[in-house]
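Quick note on labels: first sequence line is chain A, next is B, and so on, each numbered from 1.
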2 protein chains.
Amino acid sequence: MIRPAAWTFAALVATMPAALAQSAAPVLLDPSGYAGVRGAAAQPPLFTGEFKRVKALVDKAMATPIDVPVPKDPGGGYTHEQHKRNYTALYGAGLLYRITGEPAYADYARRLLLAYATLYPTLGPHPAKANEAAGRLFWQSLNDSVWLVYGVQGYDAIRDTLSVADRKTIDDQVFRRMAEFLSVGNAASFNRIHNHATWAAAGVGMTGYVLRDPELVARSLRGTDKSGKAGFLAQVDQLFSPDGYYTEGPYYQRYALQPFVVFAHAIAANQPQLKIWERRDGVLLKAIRSTIQLTHRGYFFPLNDAMPDKSLKTDELYQAVAIGYAATRDPTFLSIAQWQGRSTLTPDGIAVARDLASGMARPFPFASQLFRDGSQGDQGALAVLRSGKGDDAEVLVAKNSAMGMGHGHFDKLNWILYDAGNPIVSDYGSARFLNIESKDGGRYLKENESWAKQTIAHNTLVVNQTSHFDGKWRDGEEHAPRQLFFSGEGATKVSTAEMVGAYPGVTFRRTLVQLPLGKGGPMVLDLLRVTGDKPATYDLPLHYAGHVIDMGFAATPEAAARPVLGPANGYQHIWVDATGTLGANGATLTWITDKRFYTYRMLPPEGATLILGESGANDPRFNLRREPVLIQRAAGKANAAFVSLLEPHGAYDPAAETTVASQSQVKALHHVRGSDGDLVRIQPVKGAAVIVAIADDMDPAKSHSAVIDGHTIRWTGHFARIDGEAK
Amino acid sequence: MIRPAAWTFAALVATMPAALAQSAAPVLLDPSGYAGVRGAAAQPPLFTGEFKRVKALVDKAMATPIDVPVPKDPGGGYTHEQHKRNYTALYGAGLLYRITGEPAYADYARRLLLAYATLYPTLGPHPAKANEAAGRLFWQSLNDSVWLVYGVQGYDAIRDTLSVADRKTIDDQVFRRMAEFLSVGNAASFNRIHNHATWAAAGVGMTGYVLRDPELVARSLRGTDKSGKAGFLAQVDQLFSPDGYYTEGPYYQRYALQPFVVFAHAIAANQPQLKIWERRDGVLLKAIRSTIQLTHRGYFFPLNDAMPDKSLKTDELYQAVAIGYAATRDPTFLSIAQWQGRSTLTPDGIAVARDLASGMARPFPFASQLFRDGSQGDQGALAVLRSGKGDDAEVLVAKNSAMGMGHGHFDKLNWILYDAGNPIVSDYGSARFLNIESKDGGRYLKENESWAKQTIAHNTLVVNQTSHFDGKWRDGEEHAPRQLFFSGEGATKVSTAEMVGAYPGVTFRRTLVQLPLGKGGPMVLDLLRVTGDKPATYDLPLHYAGHVIDMGFAATPEAAARPVLGPANGYQHIWVDATGTLGANGATLTWITDKRFYTYRMLPPEGATLILGESGANDPRFNLRREPVLIQRAAGKANAAFVSLLEPHGAYDPAAETTVASQSQVKALHHVRGSDGDLVRIQPVKGAAVIVAIADDMDPAKSHSAVIDGHTIRWTGHFARIDGEAK
């Protein structure tokens with residue numbers, strides 16, 4: 001962690017530009033960024049769209065009388081929504097004033113803020129406060145922080161139009177009071193190392209710049225006691241991993257990102273000496289980029305409590321892309337803005353719109369990459385393997401990351417897969433219908449606990465039909481997986497991770513290999529080894545997204561009625577369609593997703609059985625989506641290995657009415673365990689066999705050997721691929 | 001039916017241009033249509049794409065030795081596929097020769113045809129013949145006809161490059177022999193009024209033009225006996241309804257269309273006096289346009305045995321659009337070609353590509369329209385109600401058409417609905433995985449009979465859990481519905497139809513109204529009245545496409561296991577999720593589809609119950625898609641009325657995280673039966689009530705009255721909408 005020695009209050013003050021001290025000019029946006037915009041004949045399309053949208057919103061607000069109600073309602077209620085509308089209108093009015101020069105916008109902001117100046121000093125704790133830290137305008141102080149972040153940006157844009165008296169009234173009665181309340185008035189919350197505290201820090205710090213108040217800036221950066229143990233800099237140092245990964249997962253990373261980048265942008269403008277963008281090897285820029293990397297076709301990988309329909313088309317990312325572009329001029333951000341079809345009305349957003357319109361965009365470099373978790377990078381990782389850069393590439397995500405706090409799922413060493421633009425091996429995400437009243441008011445549903453978080457709802461090992469950490473997330477926080485190996489460079493890509501402590505006495509290790517072979521997208525080889533201290537039942541579910549085309553095993557369907565798989569831990573939500581038994585050569589399941597076929601070939605432990613099921617049981621309110629699942633079950637073993645191969649193949653073309661290779665192009669899969677590693681041989685229908693060798697040891701210099709079909713295979717290092725030998 | 005008196009052989013001969021008689025110049029395509037194409041610097045994109053595609057295909061064929069195997073295999077086998085490849089290559093080579101002037105293409109066609117000239121005369125009936133009329137090159141003569149249609153077009157393009165000797169050899173040993181075989185050699189098939197016979201007629205007739213043989217032309221147009229009872233003209237007169245609708249439904253209309261338009265195009269070029277495009281008030285052009293009208297976002301309405309993924313992107317429609325544009329120069333065809341992204345390499349296709357590139361396309365006029373069924377237009381109809389022209393319009397299709405032969409479904413007065421680009425009320429289409437080997441070789445699955453065709457799999461009345469016509473399609477052919485009323489002009493659109501004979505002693509009548517009210521898309525009011533001669537159980541299923549958001553009735557879920565609904569007629573394929581009971585005010589079910597909410601509000605007969613289920617039971621091979629269904633069940637009634645209202649409302653925006661109006665905007669639905677009609681009152685949450693009045697009588701001049709809530713409502717004609725009265 002980088003922490004320069006000389007973080008003193010005096011040093012902080014010294015970095016604030018003296019020239020600004022007596023001016024009221026904007027400090028959060030650079031008015032010169034609008035040069036050439038006002039009155040120009042042709043505007044970049046992205047700007048025009050944004051301008052129309054914000055103008056419509058602000059004009060509508062200005063057409064009704066100022067409404068600054070006494071706070072009363074909790075989230076969703078009238079006063080709550082009205083104060084949200086007010087900060088949105090205030091922020092918009094400030095930007096529109098800068099863009100158009102229309103005094104009406106500045107005057108609207110003035111009148112609105114004077115109304116707040118009358119109300120705010122009269123307020124105590126919000127009457128609808130609950131368990132969360134209470135706000136004054138809102139039931140929780142988080143919303144007050146958000147008000148301040150937007151409000152102070154709107155104020156900054158018009159502050160120089162005010163009379164000295166009005167400016168003093170608003171400075172003192174609104175912003176200074178809010179900043180005091182949210183910092184020293186709410187010190188416990190403010191001094192947390194948590195993304196909610198980042199909103200407070202951003203609001204307080206930006207208020208410090210606007211009010212030319214070094215004390216507020218110092219608190220925001222280093223905590224109320226200015227020791228540096230709390231505050232924004234500590235948050236930057238501790239809330240992201242060295243790779244810019246945020247532990248709650250991509251969906252929440254998107255949400256957490258906004259106050260970081262907005263405040264960093266303000267710091268960079270007002271205290272460039274702090275080199276905030278360079279801090280921790282540029283971790284904030286890494287965080288912007290990793291947020292984008294953790295998407296497929298623009299949609300966030302739906303890990304942990306995530307809404308699967310959440311994409312980069314979201315306010316947080318319009319801001320982050322504009323600010324990231326301002327900080328770097330990296331033209332690959334422009335292609336993201338193009339996909340978003342949106343930007344911001346800030347000078348940064350205008351630069352994005354202008355440079356995009358002039359053809360400067362370059363493709364964003366989606367890549368195979370390891371995202372370590374934990375502030376020290378030692379709490380596991382998210383391993384992303386991509387067969388290419390485009391939307392149709394095969395993308396494998398190995399979720400070897402830490403618990404990720406209360407929104408984390410019990411899914412150590414889980415994985416998901418996309419191919420040809422579609423989810424193939426899926427994650428349920430969260431059980432929630434955002435903002436839909438009849439679905440528990442849009443909150444997380446109880447099925448989020450009973451299904452979506454449970455291990456059986458994921459693609460990883462379940463022991464004795466219970467979830468990892470017995471479903472207790474605080475226990476999960478104590479046990480992160482270890483990412484043992486990652487290779488994302490060559491055509492064959494590999495991730496190996498190990499989990500200890502998800503169950504007492506049980507260790508499991510998983511190697512996932514993206515393995516190009518034959519004509520289709522890469523095959524995925526999955527070797528999961530579990531060692532336990534006593535015999536147990538091991539379930540390995542695969543949540544596949546597609547329609548079954550063929551079953552290569554003897555299946556007994558449930559014809560008369562469809563039973564429930566089990567009593568608890570998510571099993572109560574699975575309807576059983578059929579059970580199956582395996583021959584010596586394992587089993588296959590083939591499905592079609594969109595226009596391509598996928599065959600999943602299984603070599604579970606001897607005696608294992610198969611279960612074909614679907615989510616949706618014990619769901620009287622139809623809260624769950626119905627999605628198919630295949631479970632390999634091995635009972636009565638202490639140690640076991642599951643070897644599975646997922647093979648994309650063929651093509652279905654409904655327009656041309658042609659179908660190619662709807663059947664697996666693999667003839668056989670064979671696995672042997674050697675003394676210190678595993679060999680898996682894949683024999684295609686056409687062409688030479690491939691042998692994959694996986695050593696237990698990670699040492700790149702160590703040599704290994706094992707025998708398969710009478711041939712001795714020798715390799716060096718953790719992983720090797722041997723083509724065309726040992727037929 | 002238009003049938004000019006003077007259809008004599010002499011008259012036919014007289015219409016063939018004498019000037020052509022001794023020439024060998026192309027008669028099926030106009031070589032001048034390629035003027036400006038050869039060697040031009042810039043080509044229209046659609047042409048370039050097509051040219052590359054065909055050139056790759058033909059060049060690949062030319063790179064291997066000529067292969068004209070002795071016929072042996074059935075469909076899918078080697079000799080079958082090779083003869084298909086040959087006609088495709090022959091047709092492509094002819095077009096490429098005309099476009100490029102490369103003698104190699106003409107020479108390849110010559111060598112290929114000389115090989116056929118050696119083989120063909122030696123052939124008897126195909127060794128793999130089955131129940132269908134046997135071909136010589138193929139197991140069924142239909143494929144031989146298709147060979148001839150493509151082959152003779154390829155031959156026509158290069159025939160003038162041949163020596164007199166080669167030309168005579170190919171004329172006599174290939175084409176004349178084929179045409180003889182497919183006409184007089186196969187008279188029973190040739191003289192049918194059936195779309196398979198249209199392929200034969202097209203092949204024989206086009207051969208007649210190319211070989212300058214009026215006898216072949218006459219047979220093709222008027223049947224082997226030239227009486228006019230059979231042949232192409234009789235097919236044109238009898239196989240389409242006056243509105244250009246083909247009785248098997250949109251999916252098969254697409255398939256049937258091709259030989260009609262290809263041959264009509266040849267007739268128009270060679271015997272313009274026949275005015276083939278004007279025949280029956282332009283029925284063939286109507287057929288092209290109606291094929292396009294019967295789509296949603298380019299995908300065919302999936303009625304009867306249809307694949308739901310079949311769109312206008314299909315060879316038949318590339319041909320039909322090019323030929324239709326050549327015949328009419330209607331610029332709205334160009335927008336269809338644009339959507340297709342394909343055209344043909346014929347001069348007509350080049351005109352499409354060129355005019356599209358020069359910006360002449362106009363939107364295709366998708367409209368509310370009635371498509372009568374039956375050659376006389378008296379066998380029911382397909383009623384299409386569209387709220388607008390665009391892809392997002394609400395489209396209601398009332399399937400009041402006839403049985404449609406063996407691919408028809410038992411779904412009299414069925415309906416489907418699209419809104420905002422999505423299916424909302426759906427039709428299963430056919431149970432089939434086209435060309436997928438493991439799914440019964442890609443043929444119709446047995447679940448096509450046991451589920452997809454059955455009445456319960458549709459959105460219409462089921463009596464005593466049996467299907468219409470007891471599931472016998474030949475009985476269905478005897479009983480078409482009657483379309484009693486259609487109004488597609490105003491904002492409120494109406495279809496009323498009646499079915500007699502689907503069940504002994506049972507008549508049912510259905511009015512579907514597209515009713516704009518409030519902010520969302522139009523509501524759909526559904527009044528279904530049934531009168532029977534004895535008490536029965538009436539089921540009214542609704543196959544909705546979406547996720548349940550709210551249930552406005554008391555539901556009892558099946559928690560422990562999920563039972564099957566019934567033993568047969570499709571009921572064996574439904575899993576029961578829950579059953580429900582209704583209050584006096586009926587019941588509601590709200591679901592979300594994509595970004596919009598839909599509430600289905602039911603007023604079934606008193607004592608009715610509800611069943612929530614899903615398809616997929618008794619399906620051991622996972623042949624069925626799992627789709628939800630809601631069934632209203634009224635038991636023990638002879639006469640009954642089901643009043644239902646489907647209401648699109650609100651919006652869900654995952655990007656902005658906003659949800660609007662997720663709850664129904666209707667407060668109450670009320671229905672009364674008067675002495676000679678029905679009144680339904682819809683009371684919105686905001687705004688005035690609307691009363692819909694539906695008289696039993698269709699007479700537009702007749703007056704009616706009925707009383708609702710103490711108010712007397714008077715109206716004239718079958719249907720009236722009364723806004724803002726009788727609160």
Side-chain angles (χ1 to χ4, degrees), chain A residues 307-315 340 342 433-439 442 547-551 555-564 572 575-578 590-592 595 597 612 614 616-626 628 650 652-660 662-663, chain B residues 307-315 340 342 433-439 442 547-551 555-564 572 575-578 590-592 595 597 612 614 616-626 628 650 652-660 662-663:
Chain A
M307 300 296 299
D309 54 9
K310 196 71 194 174
S311 76
L312 293 168
K313 292 179 184 175
T314 179
D315 275 332
Q340 293 172 315
R342 290 275 303 269
F433 291 81
L434 200 60
N435 293 320
I436 295 181
E437 185 62 30
S438 57
K439 293 294 194 188
H547 192 120
V548 171
I549 290 295
D550 206 1
M551 290 180 288
T556 306
E558 299 289 349
R562 207 177 179 199
V564 171
Q572 74 276 27
W575 295 119
V576 179
D577 283 305
T590 301
W591 67 85
I592 185 171
K595 299 188 175 59
F597 301 91
L612 285 163
E614 194 181 40
N618 279 295
D619 176 25
R621 299 299 299 168
F622 294 84
N623 283 341
L624 294 177
R625 297 191 305 274
R626 275 113 187 246
Y652 167 68
D653 182 340
E657 297 196 355
T658 57
T659 299
V660 177
S662 62
Q663 293 177 317
Chain B
M307 301 297 298
D309 55 9
K310 196 73 193 173
S311 77
L312 292 168
K313 293 179 183 176
T314 178
D315 275 331
Q340 293 172 315
R342 291 275 304 268
F433 290 82
L434 200 62
N435 292 320
I436 296 181
E437 186 62 30
S438 57
K439 292 293 193 188
H547 192 118
V548 172
I549 289 296
D550 206 1
M551 291 181 287
T556 306
E558 298 288 350
R562 205 177 179 201
V564 170
Q572 75 275 26
W575 294 120
V576 179
D577 283 303
T590 301
W591 67 87
I592 186 170
K595 301 189 174 59
F597 300 92
L612 285 163
E614 194 181 40
N618 278 293
D619 175 26
R621 300 298 302 168
F622 294 83
N623 284 341
L624 294 177
R625 296 191 304 273
R626 274 115 188 244
Y652 167 69
D653 182 341
E657 297 195 356
T658 57
T659 298
V660 177
S662 62
Q663 294 178 316

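At a 4.5 Å heavy-atom cutoff, the contact between A/Pro557 and chain B is made by side-chain atoms alone. Using a 4.5 Å cut-off between heavy atoms, A/Thr590 makes no contact with chain B at all. For A/Gln572, no part sits under 4.5 Å from any heavy atom of chain B, backbone or side chain. Using a 4.5 Å cut-off between heavy atoms, B/Thr658 contacts chain A through its backbone alone, with no side-chain atom that close. Heavy atoms closer than 4.5 Å to chain A are found nowhere in B/Leu312, neither backbone nor side chain. Heavy atoms closer than 4.5 Å to chain B are found in the side chain of A/Met307, but not in its backbone. For a residue to count as touching a neighbouring chain, one of its non-hydrogen atoms must lie under 4.5 Å from one of that chain's; by this rule A/Ala560 touches chain B with the backbone only. At a 4.5 Å heavy-atom cutoff, the contact between B/Lys313 and chain A is made by backbone and side-chain atoms alike. Only the side chain of A/Gln663 comes within less than 4.5 Å of a heavy atom of chain B; its backbone N, CA, C and O stay farther away.
Residue with the most contacts toward chain B among A/Ile549, A/Asp619, A/Asp315: A/Ile549 (heavy-atom pairs, distance under 4.5 Å). Options A/Ser311, A/Gly650, A/Pro620, A/Ser438 differ in how many heavy-atom pairs under 4.5 Å they form with chain B, and the most are formed by A/Ser438. Of the listed residues (A/Met551, A/Arg625, A/Glu657), the one with the most heavy-atom contacts under 4.5 Å to chain B is A/Glu657.
When every heavy atom of B/Val564 is checked against every heavy atom of A/Ala559, the shortest pair comes out as CG2-O, 3.5 Å.
Exactly one of B/Arg562, B/Arg621, B/Arg626 qualifies for a salt bridge (Lys or Arg N to Asp or Glu O under 4.0 Å) with A/Asp577. That residue is B/Arg626.
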- Test B/Tyr652 against A/Asn435 for side chain to side chain contact (heavy atoms under 4.5 Å, CB included), laying out the working first. CA-CA 8 Å; B/Tyr652 167 69; A/Asn435 293 320; 5.7 Å; no

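Rounded to the nearest 0.5 angstrom, B/Phe622 CZ and A/Leu612 CG are separated by 4.5 Å.
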